[in-house]
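Structure, as structure tokens:
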Amino acid sequence: MDLEKEFSDIFQEYYPALCRYALKIVRKEELAEDVVQEVFVNLWEKRNKIDIAISIKSYLYTSVRNRSINQLKLLFQREQKKEKIYENMNISEDISDILKQNELQNTYEIVQEAIETLPPKCKIIFLLSREEYMTYALVAKELNISIKTVENQIIIAFKKIRIYIQSKNQK
């Protein structure tokens, strides 16, 4: 089977489910589709360099999750920059913009609170992976643990963060 056909088959099989998965994270359909397309473009561009040690499905879902989180971080940073520009220009925002900014800030603060509640080792692994942008392999090497342990701790971290956020949103 040629590489293009194999790539096309993978794309056809996983694209819709990956878009739904990304949508749960980013909450915007266009952004979710962009994230998934970027993952597939990256996969195609690096097809000769990428060594997928786990299943293609795991690789794709992990890539979509990471890219989605990075997109949320970028959106948050852009909002922060806009806020500073408005402050510097002495432009008053309307109430809906203020509410959106407050909601975004509250969400960020809740995520930070959730991270603080993680068990110490899980928190360290999560922060190295997500805030230091270290690969699982680098985190494993840095902490002298297996890559599988890193993967499991990241999964645990996301579950605990998700539960924490849900509990905060129900209040």
Worked check of side chain to side chain contact (heavy atoms under 4.5 Å, CB included) between Leu128 and Leu138: CA-CA 9 Å; Leu128 287 174; Leu138 283 174; over 6 Å; no
Ser63 side chain vs Tyr59 backbone, donor-acceptor pair below 3.5 Å: yes
Any residue meeting side-chain hydrogen bond (donor to acceptor under 3.5 Å, both in side chains) with Glu33, in chain and number order, not counting sequence neighbours: none
Same apolar cluster: Leu118 and Ile110, side chain cutoff 4.5 Å: yes
Gap separating the CD1 atom of Ile163 from the OG1 atom of Thr117, nearest 0.5 angstrom: 10.0 Å
Atom pair OG1 (Thr149) and CG (Leu143), whose distance is rounded to the nearest 0.5 Å: 10.0 Å
Set of residues satisfying side-chain hydrogen bond (donor to acceptor under 3.5 Å, both in side chains) with respect to Asn66, sequence neighbours excluded: Arg130
ring-ring contact (aromatic ring centres under 6.0 Å, His included) partners for Tyr61, two or more places apart: Tyr21
In one Ile/Leu/Val/Met/Phe/Trp/Tyr side-chain cluster, 4.5 Å: Ile10, Val39: yes
Leu43 vs Phe7 side-chain heavy atoms within contact, under 4.5 Å: yes
Main-chain N/O of Trp44 paired to Arg47 side chain as donor or acceptor, under 3.5 Å: yes
Neighbour count above 12 (heavy atom, 6.0 Å) for Glu113 CD: yes
Which atom of Ala22 lies closest to which atom of Ser68, heavy atoms considered: CB-OG, 3.8 Å
Leu23 reachable from Leu60 in the ILVMFWY side-chain graph, under 4.5 Å edges: no
Beyond-backbone contact of Gln153 with Pro119, side-chain heavy atoms, under 4.5 angstrom: no
Full working for side chain to side chain contact (heavy atoms under 4.5 Å, CB included) between Ile145 and Ile125: CA-CA 10 Å; Ile145 56 177; Ile125 292 169; 3.6 Å; yes
Non-hydrogen side-chain atoms of Ile154 and Thr62 separated by less than 4.5 Å: no
Straight-line distance of Ile25 CD1 to Asn70 CG, nearest 0.5 Å: 11.0 Å
Non-neighbouring partners of Lys49 that pass side chain to side chain contact (heavy atoms under 4.5 Å, CB included), sequence neighbours left out: none
Listed partners of Glu38 passing salt bridge (charged side-chain N to carboxylate O under 4.0 Å, His left out), at least two apart: Arg67
Ring pair (Phe, Tyr, Trp, His ring centres under 6.0 Å) contacts touching residues 120-160 (sequence neighbours left out): Phe126-Phe158
Residues which pass side chain to side chain contact (heavy atoms under 4.5 Å, CB included) with Gln112, listed by chain and number, not counting sequence neighbours: Tyr108, Ile115, Glu131
Residues forming a side-chain hydrogen bond (donor to acceptor under 3.5 Å, both in side chains) with Glu13, sequence neighbours excluded: none
Counterpart residues, salt bridge (charged side-chain N to carboxylate O under 4.0 Å, His left out), relative to Glu116 (two or more places apart): Lys123
CD1-SG distance between Ile156 and Cys122, expressed to the nearest 0.5 angstrom: 6.0 Å
Ser58: partners by side-chain hydrogen bond (donor to acceptor under 3.5 Å, both in side chains), with sequence neighbours left out: Ser55
Heavy-atom side-chain contact between Leu75 and Leu31 under 4.5 Å: yes
Asp34 CG to Lys28 NZ distance, which is reported to the nearest 0.5 Å: 11.5 Å
Distance (rounded to the nearest 0.5 Å) between Arg78 CZ and Gln71 CD: 6.5 Å
Under the ring-ring contact (aromatic ring centres under 6.0 Å, His included) test, residues paired with Phe11 that sit two or more places apart: Tyr15, Phe40
Residue pairs involving residues 138-152 (criterion salt bridge (Lys or Arg N to Asp or Glu O under 4.0 Å); sequence neighbours excluded): Lys148-Glu151
